[in-house]
Amino acid sequence: MAEKGVTPRSEDYSRWYTDVVQKTELADYSPVKGCMVIRPYGYTLWENVQAALDRRFKETGHVNAYFPLFIPMSFLQKEAEHVKGFAPELAVVTHGGGKELDEPLVVRPTSETIIGYMYSQWIRSYRDLPVLINQWANVVRWEMRTRLFLRTTEFLWQEGHTAHATEQEAVEETLRMLDVYADFAINEAAIPVMRGKKSEREKFAGAVDSYTIEAMMGNGWALQSATSHFLGQNFGRAFDIKFLNQSNELDYAWTTSWGLSTRMVGAIIMAHGDDQGLMLPPRLAPFQAVVVPIWRKDAEQAAVLEMGRRVADTLKAAGVRVKLDTRDELSAGFKFNDWEMRGVPLRIEIGPRDVEQNAVVFARRDVPGKEGKTFGVPVDGVAQATRDMLDTIQAGMLARATKFQVANTRTVRNYDEFKQVLEGPGGFIRVPWGGTGEDEDRIKEETKATIRCFPVEHQGEEGVCFYTGNKTDRVAIFARAY
RNA sequence: CGGGGCGUAGCGCAGCCAGGUAGCGCACUUGAAUGGGGUUCAAGUGGUCGGAGGUUCAAAUCCUCUCGCCCCGACCA
């Protein structure tokens, strides 16, 4: 069965991805090019992502609010780098109420500007700080090429926007939220991630520093899964967010922003999926367990279904998201494959033999075949057994993904080896880096690989740059990326 | 916007070169038998062949124009 491996031909992997997303009813293409319809199964997954993140945001003192979809064009122009970065991908509204507007409105590509403006109205004193607000919203970026979940014209996300009295506090907030994202990715999505700082070329338009968590997909490519930006006083100055500090001096606020989008759903699909289809981590899966009743004769059906209902009710009462598959026109084998494709972590089989023994069979999604089966799980205590098994699966998925990431993270001594790795197995390449932005551009042009990040845990190691031969203490992760 | 490809049933495709009553697989409907790993058999439903014009006795097929989509590149959470 499908041992996950680096798929050398990216177009095959693309086809696999698109097929899985559509067959499992996560999402579909809309009649408007580049826009995505998120179907109930996919949306439930997103809701679970939202809940897990919101819990963490509340724990770190943040509150939710909502800002408008439309932003005056002039707002974007207030921050030079920001407008330069976003201008090519703006959707612009020029008419309303049957008339041409005095000033065009852009559909938000991100909300730093409108929120910056509001913060300038709200903040007068250091006593008003910090402001720690998050919003759940949709944004629009007119991308040239789109892909379900990974890059769509409109996407859903959360964007946190904070304002602080001091640089240190804002930097701390930026890194705190990066850690929140990493914690979410690892402990909820079971995706190991590389935390690091973006290169100048790759950072957010208008930021002083951008941080990212980079995850490895099943084909070895990197996916920027969330970002956290230290914006310095750039937006504070642009939007006149001024306050009196404790020394009675006027100062500009230090701001941050951080976001995670529906792209995370794409990350979950690509980090865990195999030839059977989806493999969803128990903590986020819409259905954590599915009960499949099995029978031959009508006489058996009633008893099997009765026990199925009893087990499903017990699990529901214990807080397990469980589905009882009562479809009687389909064979058990069909259902097994159906739910495996949909990524349900745990299948609970109940047949006539199990009814006799008052026991059930567990089958793990993450361990294929007989090896992943546990026979004779007593119905008494099935809730605890299920919860334990879900924890085991969650841990197993993280371990598997971590093993994959470690196995596909390599170091190279020179550019030739670098190119060989990219043409061969792919994955992350960790190297000492002492090059310039132009060197980075050249490597991108020649190999399509980019600096994904300078990982936070590896800086300050003395080395020799693989590309320029310069001495350096910076370490970079290169990879091909979505 | 540059380079390549494709538009025929809900999906995937054949038919086109050599014009002659629109086909296959999957899905869907009905019935029967099946049912511990994607059941089987039988009978059905469903298509202005992307659109417009032309050639012809006759066009999915040949010609002209047009529209749309996909892939590769520039952009990007």
Side-chain angles (χ1 to χ4, degrees), chain A residues 1 9-12 14-15 18-19 22-23 28-29 31-34 36 84-90 108-110 137-147 149-159 181 198 201-205 207 210-215 222-229 257-267 275-277 292-301 304 327-342 347-356 360-361 363 368-370 372-373 375 441 444-445 448 450 452 481-482:
Chain A
M1 187 107 13
R9 290 168 54 80
S10 63
E11 56 267 43
D12 292 347
S14 290
R15 183 171 297 273
T18 308
D19 280 358
Q22 293 188 298
K23 270 192 203 155
D28 210 343
Y29 288 109
V32 179
K33 191 171 146 59
M36 172 174 61
K84 210 168 97 192
F86 282 103
E89 49 190 283
L90 293 178
R108 63 179 165 224
T110 178
N138 55 339
V139 290
V140 167
R141 298 182 187 176
W142 214 268
E143 303 290 353
M144 292 161 187
R145 297 190 56 211
T146 57
R147 196 193 279 272
F149 288 114
L150 300 179
R151 184 171 305 108
T152 47
T153 301
E154 177 189 8
F155 57 94
L156 306 183
W157 76 347
Q158 59 69 215
E159 47 180 329
Y181 287 142
K198 281 286 177 190
R201 285 289 192 276
E202 301 270 330
K203 78 177 186 187
F204 178 75
S210 285
Y211 293 85
T212 174
I213 54 170
E214 298 283 329
L223 184 75
Q224 179 176 310
S225 305
T227 47
S228 184
H229 312 292
S257 68
W258 25 274
L260 181 150
S261 73
T262 36
R263 171 178 266 196
M264 178 52 75
V265 175
D275 289 351
Q276 287 296 309
V292 180
I294 300 156
W295 68 86
R296 288 172 196 275
K297 308 173 190 112
D298 288 353
E300 294 167 340
Q301 183 177 355
V304 163
R327 295 175 292 179
D328 65 355
E329 70 280 10
L330 295 173
S331 71
F334 182 92
K335 291 178 187 176
F336 291 176
N337 285 285
D338 195 41
W339 291 113
E340 265 166 30
M341 181 181 74
R342 292 180 149 76
R347 179 177 69 242
I348 300 174
E349 304 173 8
I350 301 177
R353 287 203 295 267
D354 306 300
V355 172
E356 260 172 49
V360 300
V361 178
K370 207 164 183 183
K373 285 204 178 193
F375 296 91
D441 290 342
K444 182 179 181 181
E445 195 174 315
K448 292 179 179 170
T450 50
R452 300 319 305 152
Y482 281 99

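What you see below is based on every heavy atom in this structure, not just the backbone, and it leaves out hydrogens, waters and symmetry mates. Numbered from 1 within each chain, the chains take letters A, B, ... in sequence-line order.
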S.K.: Rounded to whole angstrom units, what separation is found between the CH2 atom of Trp295(A) and the C1' atom of rG36(B)?
M.R.: 13 Å

S.K.: Using the 3.5 Å cut-off, write out each protein N or O paired with an N or O of nucleotides 37-40 of chain B and the distance between them.
M.R.:
{"from": "rG37(B)", "atom 1": "O6", "to": "Arg347(A)", "atom 2": "NH2", "distance (Å)": "2.5"}
{"from": "rG37(B)", "atom 1": "N1", "to": "Glu340(A)", "atom 2": "OE2", "distance (Å)": "2.7"}
{"from": "rG37(B)", "atom 1": "N2", "to": "Asn337(A)", "atom 2": "OD1", "distance (Å)": "2.8"}
{"from": "rG37(B)", "atom 1": "N2", "to": "Glu340(A)", "atom 2": "OE1", "distance (Å)": "2.8"}
{"from": "rG37(B)", "atom 1": "N2", "to": "Glu340(A)", "atom 2": "OE2", "distance (Å)": "3.3"}
{"from": "rG38(B)", "atom 1": "O4'", "to": "Asn337(A)", "atom 2": "ND2", "distance (Å)": "2.9"}
{"from": "rU39(B)", "atom 1": "OP2", "to": "Ser331(A)", "atom 2": "OG", "distance (Å)": "2.6"}

S.K.: My understanding is that only residues two or more places apart in sequence, or in another chain, count here; which of them pass side-chain hydrogen bond (donor to acceptor under 3.5 Å, both in side chains) with Ser225(A)?
M.R.: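 Expected list: none.
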
S.K.: Which residues satisfy the ring-ring contact (aromatic ring centres under 6.0 Å, His included) test with Phe155(A), sequence neighbours excluded?
M.R.: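 Only Trp157(A) meet the ring-ring contact (aromatic ring centres under 6.0 Å, His included) criterion with Phe155(A).
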
S.K.: Got a sec, which residues hit ring-ring contact (aromatic ring centres under 6.0 Å, His included) with Tyr211(A), two or more places apart in sequence or on another chain?
M.R.: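 With neighbours one apart ignored, the set is empty.
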
S.K.: To the nearest Å, give me how far apart OH (Tyr211(A)) and C1' (rA77(B)) are.
M.R.: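 Value for this atom pair: 19 Å.
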
S.K.: Whole angstrom is fine here: how far is it from OH in Tyr29(A) over to P in rG68(B)?
M.R.: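 So the OH-P distance, Tyr29(A) to rG68(B), works out to 19 Å.
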
S.K.: Taking NZ, NE, NH1 and NH2 as the nitrogens, is one of them in Lys198(A) or Glu214(A) under 4.0 Å from a carboxylate oxygen of the other?
M.R.: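 Between Glu214(A) and Lys198(A) there is a salt bridge, with a charged N closer than 4.0 Å to a carboxylate O.
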
S.K.: So what does Thr227(A) touch, heavy atoms closer than 4.0 Å: a base, only the sugar-phosphate, or nothing?
M.R.: nothing

S.K.: Checking Arg327(A) now: which residues fulfil side-chain hydrogen bond (donor to acceptor under 3.5 Å, both in side chains) with it, not counting sequence neighbours?
M.R.: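 Scan of Arg327(A) (side-chain hydrogen bond (donor to acceptor under 3.5 Å, both in side chains), adjacent residues dropped) gives Asp325(A), Asp338(A).
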
S.K.: Base, sugar-phosphate, or nothing for Gly351(A), non-hydrogen atoms under 4.0 angstrom?
M.R.: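 Base contact - Gly351(A) has a heavy atom under 4.0 Å of at least one base atom.
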
S.K.: In chain order, what residues pass the salt bridge (charged side-chain N to carboxylate O under 4.0 Å, His left out) check against Lys373(A), with sequence neighbours excluded?
M.R.: Glu349(A)

S.K.: So what does Thr18(A) touch, heavy atoms closer than 4.0 Å: a base, only the sugar-phosphate, or nothing?
M.R.: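 Answer is nothing: Thr18(A) stays at 4.0 Å or more from every strand.
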
